[in-house]
Amino acid sequence: MTRREIRDSAFKLVFEQLLRSDDIQELYEIAEEIDEITVNDEVKKLVDGTLAHKDELDNIISGYSKSRSISRISKINLAILRIALYESIYDDNTPMNAAISEAIKLSMTYTYQEDTSFINGVLGAFSRDRSGEVKENA
């Protein structure tokens, strides 16, 4: 499975969990039963990590979303943003620019153009601030 396929499956599960509020283990079982979403250890690691840090990620999103409160961000956009931020912060194997680029690709596949612009704006602002922090600490 490619990293993009892992991310796509993880996105679908995170999004589904936002819609249904079911336990993620139950969603894994359903996904395996219907065999439409691949669930393996890499997908579970990305989903579980994203969900474990949900509140922290939402605080970051709130800080960078100037035009929408977290409750007004569509669930599909929220799932994409959470995964991208989780990867940017916690996955040492995924450079921030790659996480952002992949989030934009997910957005272009599953959302409207204005949503892609919104996601790009939030992640771009986060990235610029993080780059500034790294330079200041060097």
Check the side chains of Tyr28 and Asp23 for a donor-acceptor pair under 3.5 angstrom, ignoring hydrogens and angles.
-> no

Between the side chains of Glu56 and Tyr86, is a donor N or O closer than 3.5 angstrom to an acceptor N or O?
-> no

Can you tell if the side chain of [X] reaches within under 4.5 Å of the side chain of [Y], non-hydrogen atoms only?
X: Thr94; Y: Arg3; value: yes
X: Thr2; Y: Glu5; value: yes
X: Ile30; Y: Gln25; value: no
X: Arg82; Y: Leu18; value: yes
X: Ile80; Y: Ile104; value: no
X: Ser67; Y: Phe118; value: yes
X: Glu87; Y: Asp92; value: no

Give a yes or no on whether the backbone of [Y] and the side-chain of [X] come within a donor-acceptor separation of less than 3.5 Å.
X: Ser101; Y: Asn97; value: no
X: Ser107; Y: Ala103; value: no
X: Ser62; Y: Asp58; value: yes

Aromatic ring pairing Tyr90/His53, orientation class (parallel under 30°, perpendicular over 60°, tilted between) = parallel

Please lay out, stage by stage, how Ser74 and Asn77 fare under the test side chain to side chain donor-acceptor pair (under 3.5 Å).
-> CA-CA 5 Å; Ser74 72; Asn77 292 345; 3.1 Å; yes

Would you please name every residue forming a side-chain hydrogen bond (donor to acceptor under 3.5 Å, both in side chains) with Glu102, sequence neighbours left out?
-> Arg4, Arg7

Who are the side-chain hydrogen bond (donor to acceptor under 3.5 Å, both in side chains) partners of Asp8, not counting sequence neighbours?
-> Lys12, Tyr110

Working to the nearest 0.5 Å, report the span between [atom1] of [X] and [atom2] of [Y].
X: Met96; Y: Leu85; atom1: CE; atom2: CG; value: 8.5 Å
X: Leu78; Y: Arg68; atom1: CG; atom2: CZ; value: 11.0 Å
X: Leu13; Y: Ile83; atom1: CG; atom2: CD1; value: 8.5 Å
X: Leu51; Y: Leu46; atom1: CG; atom2: CG; value: 9.5 Å
X: Thr38; Y: Ile6; atom1: OG1; atom2: CD1; value: 9.5 Å
X: Leu81; Y: Ile70; atom1: CG; atom2: CD1; value: 8.0 Å

Going hydrophobic residue to hydrophobic residue with side-chain gaps under 4.5 angstrom, can you get from Phe11 over to Met1?
-> yes

For the hydrophobic clusters of this structure (ILVMFWY residues joined by side-chain heavy atoms under 4.5 Å, transitively), does one cluster hold both Ile34 and Ile24?
-> no

Distance-minimising heavy-atom pair for [X] and [Y]:
X: Ala31; Y: Val39; result: CB-CG2, 3.7 Å
X: Glu26; Y: Asp22; result: OE2-OD2, 4.1 Å
X: Ile100; Y: Ser127; result: CD1-CB, 3.6 Å
X: Ser88; Y: Ala99; result: OG-CB, 3.6 Å

Glu16 bridged to Lys75 by N-O distance under 4.0 Å | no

For Met108, look at atom CE and say whether over 12 heavy atoms of other residues, nucleotides or ligands are found less than 6.0 Å away.
-> no

